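All values derive from a computational prediction rather than experimental measurement. As the structure lists them, so they are numbered: ligands from 1, and atoms in each ligand from 1.
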Amino acid sequence: MTDPLAKPRLLVARRLFDDLLEPLHTHYTLIQHDADEALSPAALREQLQGCWGLLGSGSEQVDAELLAACPDLRAVALITVGYNNLALEACRARGLRLSHAPGVLTEATAEFGLALLLATARRVGESERYLRSGRWQGWAIDQFAGAPVMGRTLGVLGLGRIGQRIAQAARDGLGMKVLHHNRRPVEGWGSGADSGWRSLPDLLAQSDHLMVCVPYGAGTHHLIGAPELAQMPAHACLINLARGGVVDDRALAAALQRGQIAAAGLDVFEGEPAVCPELLACENAVLTPHIASATLPTRRAMVQLAVDNLLAWARGEPGPTPIPI
Ligand SMILES: NC(=O)C1=CN([C@@H]2O[C@H](COP(=O)(O)OP(=O)(O)OC[C@H]3O[C@@H](n4cnc5c(N)ncnc54)[C@H](OP(=O)(O)O)[C@@H]3O)[C@@H](O)[C@H]2O)C=CC1
Ligand SMILES: O=C(O)C(=O)[C@@H](O)[C@H](O)[C@H](O)CO
């Protein structure tokens with residue numbers, strides 16, 4: 001028999017910040033996977049037995065199979081804004097409470113997108129590797145000549161919270177013209193009567209640099225593949241800070257190798273933490289390990305928001321940031 005007074009069990013899927021988790025102990029019995037490695041699907045299934053809730057880091061796949069194996073699961077609070085790891089239909093059918101972490105990581109992620117753009121266009125990684133390897137024998141007129149950024153046109157694919165923050169900083173700080181493509185145009189990002197919205201082919205053709213900020217899902221899988229890369233100018237840089245799978249990494253590596261576009265800056269990869277070997281071989285790619293939101297204040301705010309949702313649920317309230325399903 002289950003004890004009606006027992007606190008609901010909550011699986012914390014990663015090492016997070018213990019001080020921020022402290023208030024949860026009042027309402028939940030915490031099962032902590034206190035490690036930096038993601039739980040394997042089998043381990044997740046096992047650890048979730050008897051659990052009412054999951055405090056997830058974004059790496060845990062919550063799909064119909066997992067839900068069938070974990071009949072007690074009723075709630076998932078994510079520390080991430082992206083929730084492509086959740087099978088929403090199956091979650092809806094189970095009536096799960098779901099939350100994510102929009103907004104608190106917008107600035108950190110946006111500034112990292114700009115850092116990647118500048119580092120990629122101005123060949124920071126490649127030239128630093130050159131210097132550190134002892135190959136620098138002296139200055140040359142066209143040595144590591146990069147692509148200009150200031151005053152050029154930035155195409156934002158996915159002008160949402162993060163895309164808009166990038167667009168604002170690119171426009172006001174770097175003097176860039178900003179174009180965008182969303183399924184629905186966002187007003188106010190162009191000049192005069194021009195809203196700045198472009199069809200995807202026009203965005204690709206008219207942007208000096210492209211910033212990919214769309215969520216991953218069936219509608220955005222390989223949104224940027226070989227045909228799209230072929231429509232970009234040869235001097236363009238492509239930045240993907242959204243999710244692996246939005247860009248076809250193999251097609252991108254091929255485009256980089258034959259100079260079809262100038263360079264790419266990637267924070268996210270298909271099948272990460274594995275990275276397509278062809279991309280690793282591209283000198284003209286700046287590759288970072290999914291760190292766009294990684295400032296300590298931001299990571300703490302992400303965890304705090306997940307905790308706030310869990311505390312609200314314990315009080316029978318809806319919580320500040322439900323996933324809109
Ligand atoms: N690298 C990292 O560490 C991080 C990555 N991310 C990623 O960034 C993503 C965006 O976050 P955020 O800006 O907060 O999300 P938002 O929901 O605010 O923005 C997403 C935008 O994408 C647009 N969009 C969605 N589908 C399509 C489509 N098929 N074609 C064109 N545009 C589309 C939406 O507009 P509309 O619906 O009108 O089309 C919306 O404007 C997250 O989902 C996450 O995957 C976030 C944080 C950190
Ligand atoms: O919020 C998101 O969607 C993110 O991608 C990042 O902030 C996380 O750092 C990452 O998902 C950790 O797994």
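- Taking the side chain as every heavy atom from C-beta outward, Leu78 and Ser99 never approach each other to under 4.5 Å.
- In terms of protein heavy-atom proximity, atom 29 (N) of ligand 1 is closest to Thr220 CG2, 3.4 Å.
- Scanning for side chain to side chain donor-acceptor pair (under 3.5 Å) contacts around Asp308 gives Gln304, with sequence neighbours left out.
- With Gly103, Gly158, Pro215 as candidates, the residue nearest to atom 20 (C) of ligand 1 on a non-hydrogen basis is Pro215.
- The shortest heavy-atom distance from Cys213 to ligand 1 is under 4.0 Å.
- For Arg300 and Asp19, the salt-bridge test passes: some basic side-chain N is under 4.0 Å from an acidic carboxylate O.
- The shortest heavy-atom distance from Ser293 to ligand 2 is under 4.0 Å.
- By the criterion of a heavy-atom distance under 4.0 Å, neither the backbone nor the side chain of Ile79 is placed next to ligand 2.
- The structure places OG of Ser57 at 7.5 Å from CG of Leu16, a figure rounded to the nearest 0.5 Å.
- Ring planes of His100 and Tyr83: perpendicular class, angle over 60° (limits at 30 and 60°).
- When only non-hydrogen protein atoms are considered, atom 10 (C) of ligand 2 lies nearest to His290 NE2, 3.4 Å.
- Atom 11 (O) of ligand 2 has its closest protein heavy atom at Thr80 CG2, 3.3 Å.
- Side-chain contact check for His290 and Glu272: at least one donor-acceptor pair (N or O, by modelled atom type) lies under 3.5 Å.
- A salt bridge is absent between Arg129 and Glu126: the closest approach of a Lys/Arg side-chain nitrogen to an acidic carboxylate oxygen does not fall below 4.0 angstrom.
- The atoms of ligand 2 that sit less than 4.0 Å from any heavy atom of Leu105 are 1 (O), 7 (O).
- With rounding to the nearest 0.5 angstrom, the CG atom of Asn240 is 9.5 Å from the CD atom of Glu270.
- Using a 4.0 Å cut-off between heavy atoms, Arg161 contacts ligand 1 through both its backbone and its side chain.
- Close approach to Met302 involves these atoms of ligand 2, each under 4.0 Å from a residue heavy atom: 7 (O).
- When the heavy atoms of Gly163, Gly82, Ala294, Ala242 are ranked by distance to atom 7 (C) of ligand 1, first place goes to Ala242.
- Counting heavy atoms only, Ile162 comes closest to atom 12 (P) of ligand 1 of the residues Val186, Val268, Asn240, Ile162.
- Listed by number with element, the atoms of ligand 1 under 4.0 Å from a non-hydrogen atom of His290 are 1 (N), 2 (C), 3 (O).
- Among protein heavy atoms, the minimum distance from atom 1 (O) of ligand 2 is reached at Val81 N, 2.9 Å.
- Of the protein's non-hydrogen atoms, Asn182 ND2, 3.1 Å is the one closest to atom 35 (O) of ligand 1.
- Annotation for ligand 2: atoms under 4.0 Å from non-hydrogen atoms of Arg243 are 2 (C), 3 (O), 4 (C), 5 (O), 11 (O).
- Every atom of ligand 2 is numbered from 1 in the order shown, and the set under 4.0 Å from a heavy atom of Ser57 is 12 (C), 13 (O).
- Against a heavy-atom cut-off of under 4.0 Å, Arg299 is close to the following atoms of ligand 2: 9 (O).
- Taking a cutoff of 4.0 Å between a charged side-chain nitrogen and a carboxylate oxygen, Asp34 and Arg15 do not qualify as a salt bridge.
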